[in-house]
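Have a look at the structure below, then the notes.
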Amino acid sequence: MKLVRFGAVGHEKPGLVDAQGQVRDLSGVVTDITADMLGDAGLAKLKGVDINSLPVVQNPSRYGVPYAGLGKFICVGLNYSDHAAETGQEVPAEPVLFNKWSKPTGANDNVVMPKNSVKTDWEVELGVVIGKKARYVSLEEALEYVAGYCVVNDVSEREYQVERCGTWDKGKGCDTFGPVGPWLVTRDEVADPQNLKMWLDVNGKRYQDGSTATMVYNVAFLVHYISQFTTLYPGDLLSTGTPPGVGMGQTPHVYLKAGDVMNVGIEGLGEQRQEVHAWSADLLD
């Protein structure tokens, strides 16, 4: 299934995407798609719905985060060897973990740069959504804890991340720096999460053109590994790293500016589109 939430901020309705790519309104069946519905039993109930009986939504005005109640937003750094090389860093002996503090936003919502930012950057990433409580899970069973997958743009302010001391979180947690979606694709529809094409364009120019096949630490290992440090709960989101082609990796560096447009996609998981804006309180919730 492809689960989606559509409509204005704070008033999203639940939906499913049918085989023709049409959004179907699920609000006659459930009031919302919530984190506690992402376990196997909850997803099985949704899968049992006759999708052809649901009303078609014509031209949804907006896609929200594809489920309500997104919990921890945990990211993995330097998880593609070629991306590590372009930033002048070595592949870490263990996964680098950091958190996004920001409230996640919809796939096509605006990205608003922080005040005086001159090094806002992009990163297409595979998002992994947890479906059931995961604590000290084995590597062999790790994928059983995954509800599904989605596109994430790990927007980053590199000055804050690299030059302002301390952890990376400063440059990763700014408002609007967490576009998620447009939909959540359940794990049964993703034959191999380690064989998905991924890309990111800025103003029509392709900067990132990679594949999850080149991850250093794969999805199963990351779920297993992270569960050794914290209990993962339904709705927690793991963002698993980016392939090469980020702005910081260009010669000379290329960073986002007001008016830029990003198109971000992963094979089978949909595509995002974000317009970049200079900081304005009026553009934030």
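This structure is a prediction, so every number in the text was calculated from the model and none was measured.
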Matching residue for Thr242 among Asp121, Val124, Val152, Asn153 - test: side-chain contact (heavy atoms from CB on, under 4.5 Å):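 Answer to the side-chain contact (heavy atoms from CB on, under 4.5 Å) test with Thr242 among Asp121, Val124, Val152, Asn153: Val124.
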
Is a salt bridge present between [X] and [Y], judged by a nitrogen-to-oxygen distance below 4.0 Å?
| X | Y | result |
| --- | --- | --- |
| Glu123 | Arg158 | yes |
| Asp40 | Arg187 | yes |
| Asp109 | Arg62 | yes |
| Glu12 | Arg5 | yes |
| Asp169 | Lys172 | no |
| Lys2 | Asp18 | no |
| Lys170 | Glu157 | no |

Keeping the roles fixed (side chain from Lys13, backbone from Leu26), state whether a donor-acceptor pair exists under 3.5 Å.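 No, the answer is negative, given that no donor and acceptor are paired below the 3.5 Å cut-off.
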
Distance-only, no hydrogens or angles: does the Thr212 side chain make a donor-acceptor pair with backbone N or O of Asn195 under 3.5 Å? yes

Are a donor atom and an acceptor atom from the side chains of Thr34 and Asp32 found within less than 3.5 Å of each other? no

Relative to the ring of Tyr255, is the ring of His253 parallel (under 30°), tilted (30 to 60°) or perpendicular (over 60°)? perpendicular

Should the pair Trp183 and Tyr63 be assigned to parallel (<30°), tilted (30 to 60°) or perpendicular (>60°) ring geometry?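 Answer is perpendicular, since the angle exceeds 60°.
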
Could you pull out all residues at least two apart from Ser227 that satisfy side chain to side chain donor-acceptor pair (under 3.5 Å)? none

If you count heavy atoms of other groups shown closer than 6.0 angstrom to CG of Asn52, is the number above 12?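 Yes, enclosed.
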
